[in-house]
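Report on the structure given below.
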Amino acid sequence: MEQLSAIRSHGGTQGVYSHASRETGTAMTFSVFVPDHAEGVKLPVLWFLSGLTCTHANVTEKGEYRAACAEAGIIFVAPDTSPRGDDVPDDDGYDFGKGAGFYVDATEKPWSANFRMRSYIENELPELIAVEFPADMNRQGITGHSMGGHGALTIALRNSGRFRSVSAFAPIVSPLNCPWGDKALTGYIGADRADWREYDACALIEDGARLPEFLVDQGEADNFLAEQLKTTLLIEACKQAGIPATIRLQPGYDHSYYFISSFMAEHVRWHGERLNA
């Protein structure tokens, strides 16, 4: 692992790092904020998965999480959204290829060689974080935005008991039922929609996956809400499954980091209550 930068902020250190990934076959960049702590103390970890077109830098620069993380004593990890590099296949659209890994392990060529973001986030990067940082991997939370909210919910639903806390900002709740999901999962996974269900939060819930609770904030003025995000599908799936989810529609808020940063500290505190219990 190579440290690319380290900056003092809010009683902690904001770092950016790079390493050679066995899963993607590329260099992967991620950011980590570590609050000040006593020597030998291990801190809980909150993962943030970013959305379409983003890198680690979007939330790192605009997420406004550091003060809340320092107060709660939480390490904040922000990975990239896809493999990068001149040899990595890409697409002309913003919603497929680089910057749009959808947190899946691709099975279709040419994507299958590098686009293994599920295994990278679920397995490889946590192994690195556990070794290189003062992280208590028995106390993990996960959150994310849009495509990253989809990633956070599906990863948590597939890995029962791994995360003590789960939240999302404006998540894509059902790739089976939206244009973004149709394009991405057809391209990465293939045309058999049965294979998509493990990458769809609503389908996972319908198929029996459960979380004890989770928190979702969604802006009512989000221009992607009706066609792509479809929050009502998640509300109905949780109702049918008896999951006590807190799903809040926030009047006037859009899909941007103005929205995310408005509620980020509240989400961090919510995670902190569960990670520090």
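What you see is a predicted model; the values in this text were computed from it and never measured. Side chains are part of it too, since the values below use all heavy atoms of this structure and drop only hydrogens, waters and symmetry mates.
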OG on S31 to CG on L4, rounded to 0.5 Å: 11.0 Å
Can you tell me how far the OG atom of S50 sits from the CE atom of M147, to the nearest 0.5 Å? 8.0 Å
Might you point out which heavy atoms bring S261 and K62 nearest each other, and give the distance in Å? CB-O, 3.6 Å
Do R274 and E213 come close enough that some side-chain heavy atom pair is under 4.5 Å? yes
Quick one: do the D200 and S174 side chains pair a donor with an acceptor below 3.5 Å? yes
hydrophobic_cluster_shared for I235 and L157, side chain cutoff 4.5 Å: yes
If the threshold is 4.0 Å, N to carboxylate O, is there a salt bridge linking R164 and D136? no
Could you check whether any side-chain heavy atom of E122 comes within less than 4.5 Å of a side-chain heavy atom of R162, counting everything from C-beta outward? yes
Mind listing the closest non-hydrogen atom pair of C178 and E227 along with its distance? CB-O, 3.6 Å
For residues L43 and V131: do they belong to one hydrophobic cluster (side chain heavy atoms under 4.5 Å, members Ile, Leu, Val, Met, Phe, Trp, Tyr)? no
Residues which pass ring pair (Phe, Tyr, Trp, His ring centres under 6.0 Å) with Y120, listed by chain and number, not counting sequence neighbours: H19
T186 side chain to K183 backbone, donor-acceptor under 3.5 Å: no
Apply ring pair (Phe, Tyr, Trp, His ring centres under 6.0 Å) to the pair F115 and Y188, showing each step before the final yes or no. CA-CA 8 Å; F115 282 73; Y188 292 137; 5.4 Å; yes
Under a plain distance cut-off of 3.5 Å, with no hydrogens placed, do R139 and N276 share a side-chain donor-acceptor pair? yes
All side-chain contact (heavy atoms from CB on, under 4.5 Å) counterparts of T13, not counting sequence neighbours: A6, R8
E71 and R269 ion-paired at < 4.0 Å: no
Report the C-alpha distance between W111 and F96 in whole Å, list the side-chain angles of each, state the deciding distance to 0.1 Å, and finish with yes or no for side-chain contact (heavy atoms from CB on, under 4.5 Å). CA-CA 10 Å; W111 315 101; F96 192 69; 3.1 Å; yes
With a cutoff of under 4.5 Å between side-chain heavy atoms, which Ile, Leu, Val, Met, Phe, Trp and Tyr residues group with W270? L215
Excluding L249, membership of its hydrophobic cluster (Ile, Leu, Val, Met, Phe, Trp, Tyr; side-chain heavy atoms within less than 4.5 Å) reads none
Find out whether Y17 and H56 are in side-chain contact, i.e. whether some heavy atom of one side chain is under 4.5 Å from a heavy atom of the other. no
Is D91 reaching over with its side chain to a backbone N or O of G97, donor-acceptor style, under 3.5 angstrom? no
Can you list the steps and then say if I75 with I129 is a side-chain contact (heavy atoms from CB on, under 4.5 Å)? CA-CA 10 Å; I75 294 173; I129 296 297; 5.5 Å; no
Point-to-point distance, once rounded to the nearest 0.5 Å, from CG of D80 to CG of L49: 11.0 Å
Under a 4.5 Å side-chain heavy-atom rule over Ile, Leu, Val, Met, Phe, Trp and Tyr, are V16 and L125 clustered together? no
Take L52 and T81, measure what side-chain contact (heavy atoms from CB on, under 4.5 Å) needs, and give me the verdict at the end. CA-CA 8 Å; L52 287 167; T81 55; over 6 Å; no
Is it true that, when you exclude D192 itself, more than 12 heavy atoms of the residues, nucleotides or ligands shown sit nearer than 6.0 Å to its CG? yes
Sorted by chain and residue number, the ring pair (Phe, Tyr, Trp, His ring centres under 6.0 Å) partners of F224 (sequence neighbours excluded) come out as W180, H255
Result of checking V77, V32, V45 against F133 for side-chain contact (heavy atoms from CB on, under 4.5 Å): V32
Connected-component partners of F263 among ILVMFWY, side-chain separation under 4.5 Å: F33, L46, F48, V59, Y65, I74, F76, F169, Y253, Y257, F259, I260, M264, V268, L275
P83 versus M117: any side-chain heavy-atom pair under 4.5 Å? yes
Between A70 and G11, which heavy-atom pair has the shortest distance, and what is it? CB-O, 4.5 Å
In Å, rounded to the nearest 0.5 Å, how long is the span from CD of Q218 to CD1 of I247? 10.0 Å
Donor-acceptor under 3.5 Å (T107 side chain, I189 main chain): yes
Are any non-hydrogen side-chain atoms of D105 and Y199 less than 4.5 angstrom apart? yes
Output the distance between atom CG (N114) and atom CG (D87), rounded to the nearest 0.5 Å. 8.5 Å
Atom OH of residue position Y94 - does it have more than 12 heavy atoms of other residues, nucleotides or ligands inside 6.0 Å? yes
Taking every non-hydrogen atom, the tightest pair across P134 and H37: CG-NE2, 3.5 Å
Side chain of R66, backbone of G12: donor and acceptor closer than 3.5 Å? no
Any chain of hydrophobic side-chain contacts (each under 4.5 Å) joining V104 to L176? yes
Checking the side chain of K42 only, and the main-chain atoms of M137 only, is there a donor and an acceptor separated by less than 3.5 Å? no
Is the ring pair H271/H267 parallel, tilted or perpendicular, if the boundaries are 30 and 60 degrees? tilted
Assess whether a salt bridge exists between D182 and R193, defined as any Lys/Arg side-chain N lying under 4.0 Å from an Asp/Glu carboxylate O. yes
Donor-acceptor pair, side chain of R210 and main chain of I205, under 3.5 angstrom: yes
Side-chain contact test, heavy atoms from C-beta onward, threshold under 4.5 Å: evaluate it for L153 versus L234 and give yes or no. yes
Cationic N near anionic O, under 4.0 Å, E124 to R116: no
Between Y103 and G149 (side chain of the first, backbone of the second, donor and acceptor by atom type, cut-off under 3.5 Å), is there such a pair? no
For L225 and E220, work out which heavy atoms get closest and say how close. CD2-O, 4.1 Å
Taking the side chain as every heavy atom from C-beta outward, state whether F102 and I172 have any pair of such atoms under 4.5 Å apart. yes
Is there a side-chain contact (heavy atoms from CB on, under 4.5 Å) between T29 and R84? Walk through the geometry before answering. CA-CA 9 Å; T29 302; R84 309 277 176 175; over 6 Å; no
Looking at every heavy atom in both A156 and I142, which two are closest together, and how far apart are they? CB-CG2, 4.2 Å
Rounded distance [0.5 Å steps], SG in C202 versus CG in N177: 7.5 Å
Same cluster (ILVMFWY, side-chain, under 4.5 Å), L233 and I243: yes
